[in-house]
Amino acid sequence: MREFLLFTYGTIGDPEFFEGLLKRKAEYQTAQLNGYQCLLNPDTGYFFVKPAIGKQVSGKLVAVTEQELAILDLWEEVPMYRRELQTVECKTDRKQAFVYTQNHADGVPINPNHELDRASVLLEIQTFRNWIDNSLTD
């Protein structure tokens, strides 16, 4: 089964959220996306990245299958988010990885004390996953 690397910087980078979305544990590797900044969408409370000269986003790489990418595309509401192939920096090398971006969105800087309401996100993930599972069995 073919696998792809995905650079995560928000919900998908949280092990509990990842497991809820894809029904398996994630194995992450630290990485950095240069030339982008991470912002907060004040309407949704979720993070997004967009190009920004001289900025970088710290995140994680995780391997996903083509079917898992399709599920994550639905979760990320593509085309609201756009999945792009970018070069990310790892400890010892550079790798090509998919990144969910919102290149034309407006956002606000992230408050270091910002925390998602975990219970609400987990409920949203459970509802989403139930919809996926029911769609696959129909």
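Everything quoted here is computed from the prediction, not taken from an experiment.
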Q: Drop me the distance from I132's CD1 to T127's OG1, to the nearest 0.5 angstrom.
A: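 Between I132 CD1 and T127 OG1, I get 12.0 Å after rounding to 0.5 Å.
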
Q: Just by distance, with hydrogens left out, do N103 and E84 show a side-chain donor and acceptor under 3.5 Å apart?
A: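 Present: a donor and an acceptor within the cut-off.
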
Q: Out of L61, L85, V88, which residue meets the side chain to side chain contact (heavy atoms under 4.5 Å, CB included) rule with L5?
A: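 Result for side chain to side chain contact (heavy atoms under 4.5 Å, CB included) with L5: L61.
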
Q: Hey, could you give me the CG/OH distance between D14 and Y28, rounded to the nearest 0.5 Å?
A: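 The distance works out to 6.5 Å.
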
Q: Is there side-chain contact between W75 and T11, with heavy atoms separated by less than 4.5 Å?
A: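 With C-beta onward as the side chain, the pair touches.
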
Q: Search all heavy atoms of P15 against all heavy atoms of K60 and return the closest pair with its distance.
A: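 Taking P15 first and K60 second, the nearest heavy atoms are CD-NZ, 4.3 Å.
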
Q: Where do G107 and P42 come nearest, in terms of heavy atoms and distance?
A: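 That would be CA-CD, 4.4 Å.
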
Q: Against E89, only a single residue in Q56, R94, K95 fulfils side-chain hydrogen bond (donor to acceptor under 3.5 Å, both in side chains); can you say which?
A: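 So, applying the side-chain hydrogen bond (donor to acceptor under 3.5 Å, both in side chains) to E89 and each of Q56, R94, K95, only R94 qualifies.
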
Q: Could you see if W131 belongs to whatever hydrophobic cluster contains V121? Use Ile, Leu, Val, Met, Phe, Trp, Tyr and a side-chain cutoff under 4.5 Å.
A: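 Cluster IDs for W131 and V121 match.
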
Q: Step by step, would you call Q37 with V49 a side-chain contact (heavy atoms from CB on, under 4.5 Å)?
A: CA-CA 5 Å; Q37 68 178 336; V49 297; over 6 Å; no

Q: Rounded to the nearest 0.5 Å, what's the gap from CG on L74 to CZ on R129? Could you check?
A: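 Spacing of CG (L74) from CZ (R129) equals 10.5 Å.
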
Q: Side-chain heavy atoms under 4.5 angstrom apart, residues restricted to Ile, Leu, Val, Met, Phe, Trp, Tyr: same cluster for L123 and L21?
A: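 No, L123 and L21 fall in different hydrophobic clusters.
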
Q: Taking the side chain as C-beta and beyond, is there a heavy-atom pair between Y36 and Y9 under 4.5 Å?
A: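 Y36 vs Y9: side chains apart.
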
Q: Would you indicate whether the side-chain heavy atoms of K23 and D133 approach each other to under 4.5 Å?
A: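 Result yes, sub-4.5 Å side-chain heavy-atom pair found.
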
Q: Taking C-beta and beyond as the side chain, do L72 and F98 meet within less than 4.5 Å on heavy atoms?
A: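 L72 does not reach F98 side chain to side chain.
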
Q: Might you point out which heavy atoms bring D117 and S120 nearest each other, and give the distance in Å?
A: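 Between these two residues, the closest heavy atoms are OD2-OG, 2.7 Å.
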
Q: What do you reckon, is CZ of R82 surrounded by more than 12 foreign heavy atoms closer than 6.0 Å?
A: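 Check fails, neighbour count at 12 or below.
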
Q: Closest heavy-atom contact between A26 and V62?
A: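 Residues A26 and V62, closest heavy atoms: CB-CG2, 3.9 Å.
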
Q: Taking the side chain as every heavy atom from C-beta outward, state whether Q86 and T101 have any pair of such atoms under 4.5 Å apart.
A: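 Side-chain contact under 4.5 Å: no.
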
Q: Keeping Y100 on the side-chain end and D73 on the backbone end, is there a donor-acceptor pair under 3.5 Å?
A: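 A pair under 3.5 Å: yes.
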
Q: If the condition is ring pair (Phe, Tyr, Trp, His ring centres under 6.0 Å), which residues does Y81 pass it with, not counting sequence neighbours?
A: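 Y81 satisfies ring pair (Phe, Tyr, Trp, His ring centres under 6.0 Å) with no other residue.
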
Q: Tell me whether R118 forms a cation-pi arrangement with F17, defined as NZ or CZ under 6.0 Å from the six-membered ring centre and within 45 degrees of its axis.
A: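 Because its charged atom sits under 6.0 Å from the ring centre and within 45° of the axis, R118 does stack over F17.
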
Q: Quick one: pull up CE in M1 and CD in E68 and give me the separation to the nearest 0.5 Å.
A: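 CD of E68 is found 8.0 Å from CE of M1.
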
Q: Just wondering, more than 12 heavy atoms not from Q96 lying within 6.0 Å of its CD?
A: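 Atom CD in Q96 is packed in, count exceeds 12.
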
Q: Under a 4.5 Å side-chain heavy-atom rule over Ile, Leu, Val, Met, Phe, Trp and Tyr, are M80 and Y46 clustered together?
A: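 Yes.
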
Q: Test your reading of the model: is there a side-chain donor-acceptor pair from K50 to the backbone of A105, 3.5 Å cut-off?
A: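 Pair found, side chain donor or acceptor close to backbone of A105.
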
Q: Tell me, do F18 and R24 make a side-chain contact under 4.5 Å, heavy atoms counted?
A: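 F18 vs R24: side chains touch.
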
Q: Contact between V64 and E3 at the side-chain level, heavy atoms closer than 4.5 Å - yes or no?
A: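 In short, these two side chains do not touch, never coming nearer than 4.5 Å.
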
Q: Can you see which heavy atom on C38 is nearest to which on I110, and at what distance?
A: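 For C38 versus I110, the nearest heavy atoms are SG-CD1, 3.5 Å.
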
Q: Do L22 and I71 touch side chain to side chain, with heavy atoms closer than 4.5 Å?
A: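 Touching, per the 4.5 Å side-chain cut-off.
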
Q: Starting at OG1 of T92, measure out to CD of Q29 and round the result to the nearest 0.5 Å.
A: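 T92 OG1 to Q29 CD: 7.0 Å, rounded to 0.5 Å.
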
